[in-house]
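As structure tokens, the structure follows; a few thoughts come after it.
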Amino acid sequence: MAAVVALLCCAGAFTGGGIWFFRTVQGTTAPARNAATAYLDDVRDGNHPAAYGRLCEQLRSQVTEEEFARARAAEPPLGGYRITATEVSSSTDSQSRAEVTVTAAGRQRVLTLVEEDGDWRVCGGI
């Protein structure tokens, strides 16, 4: 009987630990994934000013909103997409980065995001 109780306690601890780990990972990746989704939705819907506003400062300093809108308008429509992976890391300069893998029209691409002033911004793979 004691062995059964010990086994149930260990199973409960393992399950609880697994749930905690899942929630921790999900809580870390969700903001970056949500930012990528908002950007992709804006691109898909042709809302280029909003999509441009979701870019990191570095990209916005390299391309004007008008140039960005022209480039997006020249591309085939995005249509449906699916986010298949999200990885978040911190670099040596303490800036958080994320890579969000997106599948659209049978092609896979990776959006790079950085955290600026508490917000996730698309900074590559556009």
Identify all side-chain donor-acceptor contacts of residues 34-43 below 3.5 Å with residues at least two apart in sequence or on another chain.
{"from": "Asn34", "atom 1": "ND2", "to": "Ala30", "atom 2": "O", "distance (Å)": "3.2"}
{"from": "Thr37", "atom 1": "OG1", "to": "Arg33", "atom 2": "O", "distance (Å)": "2.9"}
{"from": "Asp41", "atom 1": "OD1", "to": "Arg44", "atom 2": "NH1", "distance (Å)": "3.3"}
{"from": "Asp41", "atom 1": "OD1", "to": "Tyr81", "atom 2": "OH", "distance (Å)": "2.5"}
{"from": "Asp42", "atom 1": "OD2", "to": "Arg54", "atom 2": "NE", "distance (Å)": "2.6"}
{"from": "Asp42", "atom 1": "OD2", "to": "Arg54", "atom 2": "NH2", "distance (Å)": "3.4"}

Candidate pair Ser90 and Gln95, rule side chain to side chain contact (heavy atoms under 4.5 Å, CB included), full reasoning: CA-CA 6 Å; Ser90 293; Gln95 184 177 40; over 6 Å; no
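- The shortest non-hydrogen separation linking Gly125 to Leu111 is O-CD2, 3.3 Å.
- Closest non-hydrogen pair, Cys56 versus Val114, comes out as CB-CG2, 3.9 Å.
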Taking distance alone, no hydrogens or angles, what donor-acceptor pairs closer than 3.5 Å link side-chain atoms of residues 99-109 to residues at least two apart or in another chain?
none

Anything under 3.5 Å between a donor and an acceptor, one on a side chain of residues 59-73, the other on a protein residue two or more places apart or in another chain? List them.
{"from": "Arg60", "atom 1": "NH1", "to": "Leu55", "atom 2": "O", "distance (Å)": "2.2"}
{"from": "Ser61", "atom 1": "OG", "to": "Gln58", "atom 2": "O", "distance (Å)": "2.7"}
{"from": "Thr64", "atom 1": "OG1", "to": "Glu67", "atom 2": "N", "distance (Å)": "3.1"}
{"from": "Thr64", "atom 1": "OG1", "to": "Glu67", "atom 2": "OE1", "distance (Å)": "3.4"}
{"from": "Glu67", "atom 1": "OE1", "to": "Thr64", "atom 2": "N", "distance (Å)": "2.8"}
{"from": "Arg72", "atom 1": "NE", "to": "Glu75", "atom 2": "OE1", "distance (Å)": "3.3"}
{"from": "Arg72", "atom 1": "NE", "to": "Glu75", "atom 2": "OE2", "distance (Å)": "3.4"}
{"from": "Arg72", "atom 1": "NH2", "to": "Glu75", "atom 2": "OE2", "distance (Å)": "2.8"}

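- Glu57 CD: 12 or fewer foreign heavy atoms inside a 6.0 Å radius.
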Set out, in order, the CA-CA distance, both residues' side-chain angles and the distance that settles side chain to side chain contact (heavy atoms under 4.5 Å, CB included) for Arg121 and Leu113, then state yes or no. CA-CA 5 Å; Arg121 305 254 178 219; Leu113 290 88; over 6 Å; no
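- You'll find the side chain of Val88 reaches within 4.5 Å of the side chain of Trp120, heavy atoms only.
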